[in-house]
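To start, the structure itself, in C-alpha coordinates.
Residue numbers count from 1 along this sequence.
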Amino acid sequence: MAELSGSVPPYYRDIHDALCPGPNDKISRESLTQVMKKSGLESGVLGQIWESLGCRDGVVTRNILYKTLALIAFAQQGKTVSDKLLENYSGTELPKPDLGSVHEIKAMLQLKKKSPTLLQITFTQIRDVDKIQVLKAPEKKGIFLKHVEYEVKSARFNSTVLRRYNDFLAFHEILQMRFPYRMLPKLPPKKVIGADRTFIEARRKSLRRYLILICTHPAMHQDPAIRFFMTFSGNEVVHKIKEQFRGAADEFMMSPHSNEAKELVPPDTQAQFAVSRDQMRQVTGHVILMREMTSRIAERSRGNAFDFLGFGKELIALAADQSSMSPWATGGGNGFETLKQTFRGLSSEFSAISDKHMLQATREDEGIVEELNLLYDLLQAYHDLCDRHERGVLREHQSALKKYGAMKNKRMAATIQNSEQGAIDKIESKIVAQENEIVTQENRNYYSLHCIHLETQLVHAYLQILAEVITMMVATQAKGHREISELWETLTPRVSALLPETNSPPSPRPTSPNSY
(Lines give C-alpha, C1' and ligand atoms only; values in the text may rest on other atoms or scores of the structure.)
Protein backbone atom coordinates (compact mmCIF):
# COMPACT_ATOMS: atom_id res chain seq x y z
CA MET A 1 0.00 0.00 0.00
CA ALA A 2 1.38 3.36 -1.01
CA GLU A 3 2.19 6.00 1.59
CA LEU A 4 0.18 9.22 1.88
CA SER A 5 1.93 12.04 0.07
CA GLY A 6 -0.34 14.93 1.05
CA SER A 7 -1.19 16.39 4.43
CA VAL A 8 -4.24 15.10 6.31
CA PRO A 9 -7.18 17.51 6.59
CA PRO A 10 -8.93 18.00 9.97
CA TYR A 11 -12.00 16.13 8.59
CA TYR A 12 -9.96 12.92 8.50
CA ARG A 13 -9.01 13.31 12.16
CA ASP A 14 -12.60 14.05 13.15
CA ILE A 15 -13.80 10.87 11.46
CA HIS A 16 -11.04 8.91 13.22
CA ASP A 17 -12.19 10.24 16.59
CA ALA A 18 -15.78 9.27 15.72
CA LEU A 19 -14.76 5.72 14.81
CA CYS A 20 -12.25 5.33 17.60
CA PRO A 21 -13.38 7.34 20.66
CA GLY A 22 -11.29 5.32 23.14
CA PRO A 23 -7.52 5.21 23.80
CA ASN A 24 -7.11 2.17 21.56
CA ASP A 25 -6.05 3.13 18.04
CA LYS A 26 -7.80 0.14 16.45
CA ILE A 27 -10.97 0.61 14.38
CA SER A 28 -13.53 -2.11 13.76
CA ARG A 29 -13.98 -3.30 10.19
CA GLU A 30 -17.73 -3.00 10.67
CA SER A 31 -17.50 0.72 11.47
CA LEU A 32 -15.22 1.40 8.51
CA THR A 33 -17.57 -0.54 6.23
CA GLN A 34 -20.50 1.64 7.28
CA VAL A 35 -18.52 4.78 6.55
CA MET A 36 -17.49 3.45 3.12
CA LYS A 37 -21.10 2.64 2.21
CA LYS A 38 -22.10 6.20 3.14
CA SER A 39 -19.96 7.38 0.20
CA GLY A 40 -22.59 6.19 -2.29
CA LEU A 41 -19.97 4.44 -4.42
CA GLU A 42 -20.75 1.21 -6.25
CA SER A 43 -19.94 -2.01 -4.40
CA GLY A 44 -17.39 -2.90 -7.07
CA VAL A 45 -15.50 0.35 -6.46
CA LEU A 46 -15.61 -0.19 -2.70
CA GLY A 47 -14.24 -3.66 -3.27
CA GLN A 48 -11.32 -2.18 -5.24
CA ILE A 49 -10.62 0.18 -2.37
CA TRP A 50 -10.51 -2.77 0.06
CA GLU A 51 -8.10 -4.58 -2.22
CA SER A 52 -5.87 -1.51 -2.40
CA LEU A 53 -5.76 -1.22 1.39
CA GLY A 54 -4.31 -4.71 1.77
CA CYS A 55 -5.48 -5.16 5.39
CA ARG A 56 -5.71 -8.93 5.15
CA ASP A 57 -5.60 -9.47 8.90
CA GLY A 58 -8.70 -7.32 9.36
CA VAL A 59 -6.92 -4.73 11.54
CA VAL A 60 -7.83 -1.15 10.61
CA THR A 61 -5.35 1.42 11.87
CA ARG A 62 -5.42 5.20 11.70
CA ASN A 63 -3.19 5.20 8.61
CA ILE A 64 -5.44 2.70 6.79
CA LEU A 65 -8.48 4.85 7.63
CA TYR A 66 -6.82 7.94 6.16
CA LYS A 67 -5.88 6.06 2.98
CA THR A 68 -9.46 4.80 2.72
CA LEU A 69 -10.87 8.32 3.00
CA ALA A 70 -8.42 9.59 0.36
CA LEU A 71 -9.29 6.80 -2.09
CA ILE A 72 -13.02 7.41 -1.54
CA ALA A 73 -12.52 11.08 -2.36
CA PHE A 74 -10.57 10.23 -5.52
CA ALA A 75 -13.25 7.71 -6.60
CA GLN A 76 -15.99 10.30 -6.02
CA GLN A 77 -14.07 12.55 -8.40
CA GLY A 78 -14.38 9.84 -11.05
CA LYS A 79 -10.80 8.60 -10.83
CA THR A 80 -9.92 4.89 -11.09
CA VAL A 81 -8.89 3.45 -7.73
CA SER A 82 -5.16 2.70 -7.65
CA ASP A 83 -2.15 2.95 -5.34
CA LYS A 84 -0.66 5.41 -7.83
CA LEU A 85 -3.31 7.96 -6.91
CA LEU A 86 -1.63 8.29 -3.52
CA GLU A 87 1.90 7.97 -4.83
CA ASN A 88 1.49 10.67 -7.50
CA TYR A 89 -0.71 13.09 -5.58
CA SER A 90 0.83 16.52 -5.85
CA GLY A 91 -1.57 18.59 -3.73
CA THR A 92 -0.66 19.95 -0.35
CA GLU A 93 -3.76 18.54 1.37
CA LEU A 94 -5.54 15.30 0.58
CA PRO A 95 -9.08 15.66 -0.86
CA LYS A 96 -12.06 15.56 1.45
CA PRO A 97 -14.59 12.78 0.71
CA ASP A 98 -18.31 13.50 0.63
CA LEU A 99 -19.55 11.47 3.59
CA GLY A 100 -21.73 14.03 5.32
CA SER A 101 -20.99 15.69 8.63
CA VAL A 102 -19.09 14.02 11.44
CA HIS A 103 -22.25 14.35 13.56
CA GLU A 104 -24.19 12.29 10.97
CA ILE A 105 -21.47 9.63 10.98
CA LYS A 106 -21.59 9.39 14.77
CA ALA A 107 -25.39 9.05 14.69
CA MET A 108 -25.14 6.35 12.00
CA LEU A 109 -22.61 4.36 14.02
CA GLN A 110 -24.81 4.62 17.10
CA LEU A 111 -27.75 3.17 15.18
CA LYS A 112 -25.56 0.41 13.77
CA LYS A 113 -24.35 -0.77 17.17
CA LYS A 114 -26.73 -3.71 16.87
CA SER A 115 -25.85 -4.38 13.30
CA PRO A 116 -27.69 -7.10 11.34
CA THR A 117 -24.27 -8.15 10.05
CA LEU A 118 -23.10 -9.15 13.53
CA LEU A 119 -24.26 -12.32 15.24
CA GLN A 120 -23.89 -10.81 18.73
CA ILE A 121 -24.63 -14.03 20.61
CA THR A 122 -22.36 -16.22 22.68
CA PHE A 123 -22.10 -20.00 22.69
CA THR A 124 -23.54 -20.08 26.21
CA GLN A 125 -26.57 -18.11 25.06
CA ILE A 126 -27.04 -20.50 22.14
CA ARG A 127 -26.91 -23.47 24.49
CA ASP A 128 -29.51 -21.91 26.79
CA VAL A 129 -32.14 -21.55 24.04
CA ASP A 130 -33.31 -25.13 24.55
CA LYS A 131 -32.36 -28.43 26.13
CA ILE A 132 -33.16 -31.35 23.84
CA GLN A 133 -33.46 -35.02 24.68
CA VAL A 134 -34.07 -37.84 22.22
CA LEU A 135 -34.73 -41.27 23.73
CA LYS A 136 -35.72 -44.52 22.13
CA ALA A 137 -39.36 -45.23 22.91
CA PRO A 138 -39.78 -48.46 24.88
CA GLU A 139 -42.12 -50.17 22.42
CA LYS A 140 -42.04 -50.86 18.70
CA LYS A 141 -45.16 -50.27 16.64
CA GLY A 142 -46.46 -52.21 13.66
CA ILE A 143 -47.48 -55.79 13.08
CA PHE A 144 -45.34 -56.94 10.18
CA LEU A 145 -42.71 -54.24 9.55
CA LYS A 146 -41.85 -52.85 12.95
CA HIS A 147 -40.39 -49.37 13.21
CA VAL A 148 -38.61 -47.45 15.95
CA GLU A 149 -40.15 -44.43 17.62
CA TYR A 150 -38.18 -41.75 19.44
CA GLU A 151 -39.29 -39.77 22.44
CA VAL A 152 -38.36 -36.13 21.78
CA LYS A 153 -38.29 -33.76 24.74
CA SER A 154 -37.88 -29.98 24.71
CA ALA A 155 -37.28 -27.89 27.82
CA ARG A 156 -38.19 -24.68 25.96
CA PHE A 157 -41.61 -25.94 24.84
CA ASN A 158 -42.04 -28.17 27.90
CA SER A 159 -43.10 -30.88 25.47
CA THR A 160 -42.66 -34.61 24.92
CA VAL A 161 -43.66 -36.07 21.55
CA LEU A 162 -43.12 -39.35 19.70
CA ARG A 163 -41.44 -39.16 16.31
CA ARG A 164 -40.51 -41.68 13.66
CA TYR A 165 -37.54 -41.31 11.34
CA ASN A 166 -39.88 -40.45 8.44
CA ASP A 167 -41.22 -37.55 10.52
CA PHE A 168 -37.68 -36.18 10.69
CA LEU A 169 -37.34 -36.54 6.92
CA ALA A 170 -40.51 -34.51 6.30
CA PHE A 171 -39.39 -31.89 8.83
CA HIS A 172 -35.98 -31.62 7.15
CA GLU A 173 -37.64 -31.15 3.76
CA ILE A 174 -39.63 -28.20 5.11
CA LEU A 175 -36.53 -26.63 6.65
CA GLN A 176 -34.63 -26.95 3.36
CA MET A 177 -37.42 -25.01 1.68
CA ARG A 178 -37.74 -22.35 4.37
CA PHE A 179 -34.02 -21.80 5.13
CA PRO A 180 -32.03 -22.40 1.91
CA TYR A 181 -29.29 -19.98 3.02
CA ARG A 182 -28.67 -21.43 6.49
CA MET A 183 -26.67 -24.34 7.88
CA LEU A 184 -28.82 -27.44 7.94
CA PRO A 185 -27.13 -30.52 9.43
CA LYS A 186 -27.57 -33.85 7.69
CA LEU A 187 -29.93 -36.47 8.97
CA PRO A 188 -28.51 -39.93 9.71
CA PRO A 189 -28.93 -42.44 6.85
CA LYS A 190 -32.03 -44.55 6.49
CA LYS A 191 -31.77 -48.30 6.95
CA VAL A 192 -34.80 -50.30 5.92
CA ILE A 193 -33.82 -53.73 7.25
CA GLY A 194 -31.20 -55.02 9.63
CA ALA A 195 -31.30 -52.03 12.01
CA ASP A 196 -29.55 -53.54 15.01
CA ARG A 197 -29.16 -52.02 18.45
CA THR A 198 -25.87 -50.31 17.57
CA PHE A 199 -27.37 -48.67 14.48
CA ILE A 200 -30.44 -47.48 16.36
CA GLU A 201 -28.34 -45.98 19.17
CA ALA A 202 -26.07 -44.17 16.70
CA ARG A 203 -29.14 -42.81 14.91
CA ARG A 204 -30.67 -41.66 18.21
CA LYS A 205 -27.56 -39.67 19.06
CA SER A 206 -27.42 -38.20 15.56
CA LEU A 207 -31.09 -37.11 15.69
CA ARG A 208 -30.48 -35.43 19.03
CA ARG A 209 -27.51 -33.49 17.63
CA TYR A 210 -29.62 -32.53 14.62
CA LEU A 211 -32.38 -31.07 16.80
CA ILE A 212 -29.91 -29.27 19.04
CA LEU A 213 -28.37 -27.44 16.07
CA ILE A 214 -31.78 -26.65 14.56
CA CYS A 215 -33.72 -25.72 17.70
CA THR A 216 -31.00 -23.40 19.06
CA HIS A 217 -30.05 -21.76 15.75
CA PRO A 218 -30.38 -17.95 16.14
CA ALA A 219 -32.23 -17.53 12.82
CA MET A 220 -34.40 -20.65 12.96
CA HIS A 221 -35.38 -21.44 16.53
CA GLN A 222 -38.44 -19.14 16.42
CA ASP A 223 -39.79 -20.63 13.20
CA PRO A 224 -43.36 -22.03 13.38
CA ALA A 225 -42.25 -25.27 11.70
CA ILE A 226 -39.92 -26.01 14.61
CA ARG A 227 -42.63 -25.28 17.16
CA PHE A 228 -45.00 -27.58 15.27
CA PHE A 229 -42.50 -30.45 15.10
CA MET A 230 -41.59 -30.18 18.77
CA THR A 231 -45.15 -29.86 20.08
CA PHE A 232 -47.66 -31.53 17.72
CA SER A 233 -48.93 -34.69 19.40
CA GLY A 234 -51.44 -35.94 16.85
CA ASN A 235 -51.16 -38.67 14.24
CA GLU A 236 -49.87 -38.51 10.65
CA VAL A 237 -47.04 -36.08 11.42
CA VAL A 238 -45.59 -36.36 7.91
CA HIS A 239 -48.88 -35.41 6.26
CA LYS A 240 -49.70 -32.65 8.75
CA ILE A 241 -46.36 -30.85 8.59
CA LYS A 242 -46.30 -30.93 4.80
CA GLU A 243 -49.91 -29.79 4.61
CA GLN A 244 -49.27 -26.83 6.89
CA PHE A 245 -45.89 -25.60 5.63
CA ARG A 246 -45.45 -26.77 2.04
CA GLY A 247 -45.48 -23.75 -0.27
CA ALA A 248 -44.80 -21.28 2.56
CA ALA A 249 -42.45 -18.39 1.82
CA ASP A 250 -38.76 -18.89 2.51
CA GLU A 251 -36.62 -16.75 4.80
CA PHE A 252 -35.63 -14.36 2.01
CA MET A 253 -39.26 -13.47 1.27
CA MET A 254 -40.02 -12.89 4.96
CA SER A 255 -36.83 -11.12 6.07
CA PRO A 256 -36.93 -7.33 6.64
CA HIS A 257 -33.35 -7.24 5.32
CA SER A 258 -33.92 -8.89 1.94
CA ASN A 259 -34.33 -5.60 0.06
CA GLU A 260 -31.23 -4.12 1.68
CA ALA A 261 -29.12 -7.26 1.35
CA LYS A 262 -26.68 -5.53 -0.99
CA GLU A 263 -25.96 -2.89 1.65
CA LEU A 264 -25.45 -5.57 4.32
CA VAL A 265 -22.65 -7.29 2.44
CA PRO A 266 -19.22 -5.75 3.24
CA PRO A 267 -17.07 -4.93 0.18
CA ASP A 268 -14.48 -7.57 1.04
CA THR A 269 -16.99 -10.37 1.65
CA GLN A 270 -15.87 -12.57 -1.24
CA ALA A 271 -12.22 -12.45 -0.16
CA GLN A 272 -13.08 -12.99 3.51
CA PHE A 273 -15.45 -15.80 2.58
CA ALA A 274 -12.72 -17.63 0.66
CA VAL A 275 -10.25 -17.27 3.55
CA SER A 276 -12.78 -18.40 6.17
CA ARG A 277 -13.84 -21.34 4.07
CA ASP A 278 -10.23 -22.57 3.83
CA GLN A 279 -9.77 -22.04 7.57
CA MET A 280 -12.89 -24.09 8.34
CA ARG A 281 -11.61 -26.89 6.12
CA GLN A 282 -8.46 -27.04 8.22
CA VAL A 283 -10.44 -26.88 11.47
CA THR A 284 -12.69 -29.69 10.23
CA GLY A 285 -9.66 -31.88 9.53
CA HIS A 286 -8.38 -31.38 13.08
CA VAL A 287 -11.83 -32.02 14.58
CA ILE A 288 -12.10 -35.29 12.63
CA LEU A 289 -8.78 -36.49 14.04
CA MET A 290 -9.70 -35.44 17.58
CA ARG A 291 -13.04 -37.21 17.27
CA GLU A 292 -11.33 -40.41 16.11
CA MET A 293 -8.84 -40.25 18.98
CA THR A 294 -11.45 -39.64 21.67
CA SER A 295 -13.59 -42.43 20.21
CA ARG A 296 -10.64 -44.79 20.59
CA ILE A 297 -10.13 -43.59 24.17
CA ALA A 298 -13.75 -44.39 25.00
CA GLU A 299 -13.47 -47.73 23.20
CA ARG A 300 -10.42 -48.61 25.27
CA SER A 301 -12.36 -47.86 28.45
CA ARG A 302 -15.13 -50.18 27.27
CA GLY A 303 -12.52 -52.79 26.41
CA ASN A 304 -11.02 -52.48 29.88
CA ALA A 305 -14.49 -52.90 31.38
CA PHE A 306 -15.11 -56.12 29.43
CA ASP A 307 -11.62 -57.47 30.14
CA PHE A 308 -11.70 -56.85 33.90
CA LEU A 309 -15.19 -58.31 34.10
CA GLY A 310 -13.99 -61.34 32.16
CA PHE A 311 -10.93 -61.60 34.39
CA GLY A 312 -13.20 -61.74 37.45
CA LYS A 313 -15.34 -64.42 35.82
CA GLU A 314 -12.28 -66.55 35.16
CA LEU A 315 -11.36 -66.25 38.84
CA ILE A 316 -14.85 -67.51 39.72
CA ALA A 317 -14.46 -70.38 37.26
CA LEU A 318 -11.15 -71.34 38.82
CA ALA A 319 -12.63 -71.17 42.32
CA ALA A 320 -15.60 -73.31 41.28
CA ASP A 321 -13.43 -76.11 39.98
CA GLN A 322 -14.28 -79.11 42.22
CA SER A 323 -11.80 -81.55 40.77
CA SER A 324 -9.29 -82.78 43.33
CA MET A 325 -5.56 -82.40 42.85
CA SER A 326 -3.52 -85.54 43.49
CA PRO A 327 -0.51 -85.46 45.80
CA TRP A 328 1.49 -86.57 42.78
CA ALA A 329 0.67 -83.27 41.05
CA THR A 330 0.88 -80.96 44.07
CA GLY A 331 3.81 -82.62 45.84
CA GLY A 332 1.67 -82.79 48.93
CA GLY A 333 0.94 -79.05 49.16
CA ASN A 334 -2.50 -77.35 49.19
CA GLY A 335 -1.49 -73.89 47.93
CA PHE A 336 -3.82 -73.90 44.96
CA GLU A 337 -6.83 -74.77 47.12
CA THR A 338 -6.01 -71.79 49.31
CA LEU A 339 -5.80 -69.57 46.21
CA LYS A 340 -9.21 -70.76 45.06
CA GLN A 341 -10.76 -69.63 48.33
CA THR A 342 -9.31 -66.14 47.82
CA PHE A 343 -10.42 -66.02 44.17
CA ARG A 344 -14.05 -66.27 45.21
CA GLY A 345 -13.81 -63.02 47.14
CA LEU A 346 -11.83 -61.15 44.48
CA SER A 347 -14.35 -61.54 41.66
CA SER A 348 -16.69 -58.85 43.06
CA GLU A 349 -13.84 -56.35 43.25
CA PHE A 350 -12.96 -56.93 39.60
CA SER A 351 -16.63 -56.52 38.74
CA ALA A 352 -16.63 -53.15 40.54
CA ILE A 353 -13.51 -52.10 38.63
CA SER A 354 -15.24 -53.14 35.39
CA ASP A 355 -18.25 -50.97 36.29
CA LYS A 356 -15.99 -47.96 36.85
CA HIS A 357 -14.33 -48.43 33.46
CA MET A 358 -17.76 -48.68 31.80
CA LEU A 359 -18.86 -45.52 33.60
CA GLN A 360 -15.67 -43.87 32.37
CA ALA A 361 -16.50 -44.92 28.80
CA THR A 362 -19.98 -43.42 29.13
CA ARG A 363 -18.56 -40.12 30.39
CA GLU A 364 -16.06 -40.03 27.53
CA ASP A 365 -18.74 -40.85 24.96
CA GLU A 366 -21.40 -38.41 26.14
CA GLY A 367 -19.20 -35.61 27.44
CA ILE A 368 -16.38 -35.59 24.88
CA VAL A 369 -17.08 -37.65 21.75
CA GLU A 370 -20.64 -36.39 21.36
CA GLU A 371 -19.54 -32.77 21.71
CA LEU A 372 -16.97 -33.26 18.96
CA ASN A 373 -19.63 -35.00 16.87
CA LEU A 374 -21.90 -31.98 17.34
CA LEU A 375 -19.15 -29.63 16.20
CA TYR A 376 -18.36 -31.89 13.25
CA ASP A 377 -22.05 -31.95 12.20
CA LEU A 378 -22.10 -28.14 12.27
CA LEU A 379 -18.88 -27.86 10.26
CA GLN A 380 -20.24 -30.27 7.66
CA ALA A 381 -23.42 -28.19 7.46
CA TYR A 382 -21.26 -25.10 6.90
CA HIS A 383 -19.36 -26.72 4.05
CA ASP A 384 -22.65 -27.86 2.50
CA LEU A 385 -23.99 -24.30 2.76
CA CYS A 386 -20.94 -22.91 0.95
CA ASP A 387 -21.37 -25.49 -1.80
CA ARG A 388 -25.08 -24.70 -2.12
CA HIS A 389 -24.29 -21.01 -2.50
CA GLU A 390 -21.91 -21.66 -5.37
CA ARG A 391 -24.02 -24.36 -7.05
CA GLY A 392 -27.39 -22.71 -6.53
CA VAL A 393 -27.65 -18.96 -6.02
CA LEU A 394 -24.67 -17.97 -8.14
CA ARG A 395 -25.63 -20.23 -11.02
CA GLU A 396 -29.26 -19.10 -10.94
CA HIS A 397 -28.09 -15.48 -11.13
CA GLN A 398 -25.74 -16.25 -14.02
CA SER A 399 -28.47 -18.21 -15.79
CA ALA A 400 -30.88 -15.27 -15.46
CA LEU A 401 -28.28 -12.91 -16.93
CA LYS A 402 -27.63 -15.28 -19.82
CA LYS A 403 -31.34 -15.58 -20.55
CA TYR A 404 -31.69 -11.81 -20.40
CA GLY A 405 -28.90 -11.38 -22.94
CA ALA A 406 -30.55 -13.87 -25.28
CA MET A 407 -33.83 -11.93 -25.08
CA LYS A 408 -32.09 -8.65 -25.84
CA ASN A 409 -30.47 -10.20 -28.91
CA LYS A 410 -33.84 -11.56 -30.01
CA ARG A 411 -35.41 -8.12 -29.69
CA MET A 412 -32.63 -6.54 -31.73
CA ALA A 413 -33.04 -9.18 -34.43
CA ALA A 414 -36.81 -8.61 -34.51
CA THR A 415 -36.33 -4.85 -34.82
CA ILE A 416 -33.83 -5.23 -37.64
CA GLN A 417 -36.17 -7.59 -39.51
CA ASN A 418 -39.06 -5.11 -39.13
CA SER A 419 -41.23 -7.63 -37.29
CA GLU A 420 -44.80 -6.77 -36.33
CA GLN A 421 -45.19 -4.45 -33.38
CA GLY A 422 -47.15 -7.08 -31.46
CA ALA A 423 -44.26 -9.54 -31.61
CA ILE A 424 -41.80 -6.86 -30.51
CA ASP A 425 -44.08 -5.85 -27.60
CA LYS A 426 -44.28 -9.47 -26.51
CA ILE A 427 -40.50 -9.71 -26.46
CA GLU A 428 -40.32 -6.41 -24.56
CA SER A 429 -42.69 -7.73 -21.87
CA LYS A 430 -40.55 -10.83 -21.49
CA ILE A 431 -37.44 -8.66 -21.18
CA VAL A 432 -39.08 -6.60 -18.42
CA ALA A 433 -40.07 -9.78 -16.58
CA GLN A 434 -36.53 -11.12 -16.94
CA GLU A 435 -35.09 -7.85 -15.64
CA ASN A 436 -37.22 -8.27 -12.52
CA GLU A 437 -36.00 -11.86 -12.23
CA ILE A 438 -32.38 -10.65 -12.45
CA VAL A 439 -32.99 -8.11 -9.67
CA THR A 440 -34.55 -10.83 -7.50
CA GLN A 441 -31.70 -13.26 -8.15
CA GLU A 442 -29.14 -10.54 -7.46
CA ASN A 443 -30.83 -9.73 -4.15
CA ARG A 444 -30.92 -13.43 -3.29
CA ASN A 445 -27.23 -13.69 -4.10
CA TYR A 446 -26.42 -10.84 -1.74
CA TYR A 447 -28.79 -12.22 0.90
CA SER A 448 -27.06 -15.59 0.64
CA LEU A 449 -23.69 -13.91 1.19
CA HIS A 450 -25.16 -12.00 4.14
CA CYS A 451 -26.37 -15.28 5.68
CA ILE A 452 -23.01 -16.95 5.05
CA HIS A 453 -21.38 -14.05 6.91
CA LEU A 454 -23.62 -14.68 9.92
CA GLU A 455 -23.30 -18.46 9.70
CA THR A 456 -19.51 -18.12 9.70
CA GLN A 457 -19.77 -16.14 12.91
CA LEU A 458 -22.03 -18.86 14.31
CA VAL A 459 -19.40 -21.50 13.52
CA HIS A 460 -16.80 -19.45 15.37
CA ALA A 461 -19.15 -19.21 18.36
CA TYR A 462 -19.49 -23.01 18.32
CA LEU A 463 -15.72 -23.44 18.36
CA GLN A 464 -16.05 -22.80 22.09
CA ILE A 465 -16.99 -26.49 22.21
CA LEU A 466 -13.27 -27.25 21.96
CA ALA A 467 -12.70 -25.50 25.29
CA GLU A 468 -15.50 -27.57 26.83
CA VAL A 469 -14.06 -30.75 25.35
CA ILE A 470 -10.62 -30.09 26.84
CA THR A 471 -12.09 -29.16 30.22
CA MET A 472 -14.31 -32.22 30.22
CA MET A 473 -11.46 -34.50 29.17
CA VAL A 474 -9.26 -33.32 32.05
CA ALA A 475 -12.09 -33.59 34.59
CA THR A 476 -13.24 -36.97 33.29
CA GLN A 477 -9.78 -38.52 33.25
CA ALA A 478 -8.92 -37.11 36.69
CA LYS A 479 -12.17 -38.33 38.24
CA GLY A 480 -12.13 -41.70 36.51
CA HIS A 481 -8.53 -42.53 37.34
CA ARG A 482 -9.07 -41.40 40.94
CA GLU A 483 -12.14 -43.65 41.37
CA ILE A 484 -10.45 -46.63 39.73
CA SER A 485 -7.26 -46.03 41.71
CA GLU A 486 -9.25 -46.10 44.96
CA LEU A 487 -10.61 -49.53 44.04
CA TRP A 488 -7.13 -50.84 43.26
CA GLU A 489 -5.84 -49.43 46.55
CA THR A 490 -8.63 -51.24 48.42
CA LEU A 491 -7.75 -54.44 46.62
CA THR A 492 -4.00 -54.22 47.27
CA PRO A 493 -3.89 -55.57 50.88
CA ARG A 494 -6.15 -58.48 49.96
CA VAL A 495 -3.99 -59.72 47.11
CA SER A 496 -0.74 -59.17 49.01
CA ALA A 497 -1.58 -62.25 51.12
CA LEU A 498 -1.46 -64.37 47.98
CA LEU A 499 2.31 -64.00 47.71
CA PRO A 500 4.90 -65.70 49.94
CA GLU A 501 6.29 -63.70 52.88
CA THR A 502 9.09 -61.50 51.61
CA ASN A 503 11.19 -62.12 54.75
CA SER A 504 10.96 -65.92 54.56
CA PRO A 505 14.19 -67.73 53.70
CA PRO A 506 14.49 -68.58 50.05
CA SER A 507 14.11 -72.19 48.97
CA PRO A 508 17.37 -74.00 48.23
CA ARG A 509 18.25 -73.98 44.55
CA PRO A 510 18.90 -77.29 42.81
CA THR A 511 22.57 -77.92 42.11
CA SER A 512 22.05 -80.22 39.15
CA PRO A 513 19.33 -81.37 36.78
CA ASN A 514 19.05 -84.64 38.74
CA SER A 515 18.42 -82.96 42.09
CA TYR A 516 14.67 -83.13 41.54
Would you call Ile200 and Tyr150 a side-chain contact if the rule is heavy atoms closer than 4.5 Å?
yes
Can you check whether Leu449 reaches Tyr181 side chain to side chain, under 4.5 Å on heavy atoms?
no
What are the two closest non-hydrogen atoms of Pro180 and Met177, and how far apart are they?
CD-O, 3.7 Å
Would you tell me whether His172 and Tyr210 have side-chain atoms, one donor and one acceptor, within less than 3.5 Å of each other?
yes
Can you tell if the side chain of Arg164 reaches within under 4.5 Å of the side chain of Val237, non-hydrogen atoms only?
no
Looking only at heavy atoms, the pair that brings Leu264 and Thr117 closest together is O-CG2, 3.1 Å
Please test Gln360 against Glu364 for side chain to side chain donor-acceptor pair (under 3.5 Å), starting from the C-alpha separation and ending with a verdict.
CA-CA 6 Å; Gln360 179 75 355; Glu364 291 162 347; 3.2 Å; yes
Evaluate Asp365 against Thr362 for side chain to side chain contact (heavy atoms under 4.5 Å, CB included), listing each step before the verdict.
CA-CA 5 Å; Asp365 259 335; Thr362 301; 5.7 Å; no
Should Pro266 and His453 count as side-chain neighbours, where that means a heavy-atom distance under 4.5 Å?
yes
Validate the cation-pi geometry between Lys79 and Phe74: distance from NZ or CZ to the six-membered ring centre under 6.0 Å, angle to the ring axis within 45°.
no
Assess, by modelled atom type and distance only, whether the side chains of Glu370 and Asn373 contain a donor and an acceptor separated by less than 3.5 Å.
yes
Please indicate whether Asn259 has more than 12 foreign heavy atoms, meaning atoms of other residues, nucleotides or ligands, lying under 6.0 Å from its CG.
no
Ignoring hydrogens and angles, tell me if any N or O in the side chain of Ser52 forms a donor-acceptor pair with the backbone of Ser82 under 3.5 Å.
no
Taking atom types as modelled, is there a side-chain donor on Glu455 or His450 under 3.5 Å from an acceptor on the other?
no
For atom CD of Glu42, is the number of surrounding heavy atoms from other residues, nucleotides or ligands below 6.0 Å larger than 12?
no
Would you please test Arg277 and Glu390 for salt bridge (Lys or Arg N to Asp or Glu O under 4.0 Å) and show each step?
CA-CA 12 Å; Arg277 192 175 182 182; Glu390 293 186 344; 2.8 Å; yes
Any side-chain heavy atom of Cys215 within less than 4.5 Å of one from Met230?
yes
Any idea which heavy atoms bring Leu374 and Tyr462 closest together, and the distance?
CD2-CE2, 4.3 Å
In sequence, state the C-alpha distance, the side-chain angles, and the governing distance for His221 and Thr216, and then conclude on side chain to side chain donor-acceptor pair (under 3.5 Å).
CA-CA 5 Å; His221 74 275; Thr216 62; over 6 Å; no
Counting heavy atoms not belonging to Lys240, are there more than 12 under 6.0 Å from its NZ?
no
Looking at Leu32, Thr269, Leu71, which one forms a side-chain contact (heavy atoms from CB on, under 4.5 Å) with Trp50?
Leu32
Which value, rounded to the nearest 0.5 Å, describes the distance between Met183 atom CE and Ile452 atom CD1?
10.5 Å
Salt-bridge present (Glu366, Lys205; N to O < 4.0 Å):
no
Taking the side chain as everything from C-beta on, heavy atoms only, tell me whether Ser276 gets closer than 4.5 Å to Tyr382.
yes
Between Glu251 and Phe179, which heavy-atom pair has the shortest distance, and what is it?
OE1-CD2, 3.6 Å
So, Arg208 side chain and Ile132 main chain: donor-acceptor pair closer than 3.5 Å or not?
yes
Would you check if Leu94 and Pro9 make a side-chain contact, meaning some heavy-atom pair closer than 4.5 Å?
yes
With sequence neighbours excluded, tell me which residues meet side chain to side chain contact (heavy atoms under 4.5 Å, CB included) with Gln222.
Arg156
Does atom CZ of Arg227 have more than 12 heavy-atom neighbours, drawn from other residues, nucleotides or ligands, at distances under 6.0 Å?
no
Gln457/His460 under side chain to side chain donor-acceptor pair (under 3.5 Å): CA gap, chis, key distance, verdict:
CA-CA 5 Å; Gln457 296 176 51; His460 277 269; over 6 Å; no
CG (Leu187) and CZ (Phe171) are apart, to the nearest 0.5 Å, by 9.5 Å
What heavy-atom pair brings Val459 and Leu378 nearest, and what distance separates the two atoms?
CA-CD2, 4.0 Å
Would Tyr66 and His16 count as a side chain to side chain donor-acceptor pair (under 3.5 Å) if you check the C-alpha gap in whole Å, the side-chain angles of each, and the deciding distance to 0.1 Å?
CA-CA 8 Å; Tyr66 290 169; His16 173 268; 5.0 Å; no
Once rounded to the nearest 0.5 Å, what's the spacing between atom CD of Gln176 and atom CG of Asp250?
13.0 Å
For a quick test of reading the model, state the closest non-hydrogen atom pair linking Phe229 to Val161 and the distance between them.
O-CG2, 4.0 Å
Row check, Phe245 ring normal vs Arg178 NZ/CZ: under 6.0 Å, within 45°:
no
Salt bridge (Lys or Arg N to Asp or Glu O under 4.0 Å) between Arg163 and Glu151, worked out:
CA-CA 7 Å; Arg163 293 290 179 260; Glu151 194 176 69; over 6 Å; no
Salt bridge (Lys or Arg N to Asp or Glu O under 4.0 Å) between Glu299 and Arg296, intermediate numbers included:
CA-CA 5 Å; Glu299 190 60 36; Arg296 289 196 295 269; over 6 Å; no
Under 3.5 Å, is there a donor on one side chain and an acceptor on the other for Gln380 and His383?
no
Side chain to side chain, Leu466 and Glu371, heavy atoms closer than 4.5 Å
no
Hey, is the main chain of Ala461 close enough, under 3.5 Å, to the side chain of Gln464 for a donor-acceptor pair?
no
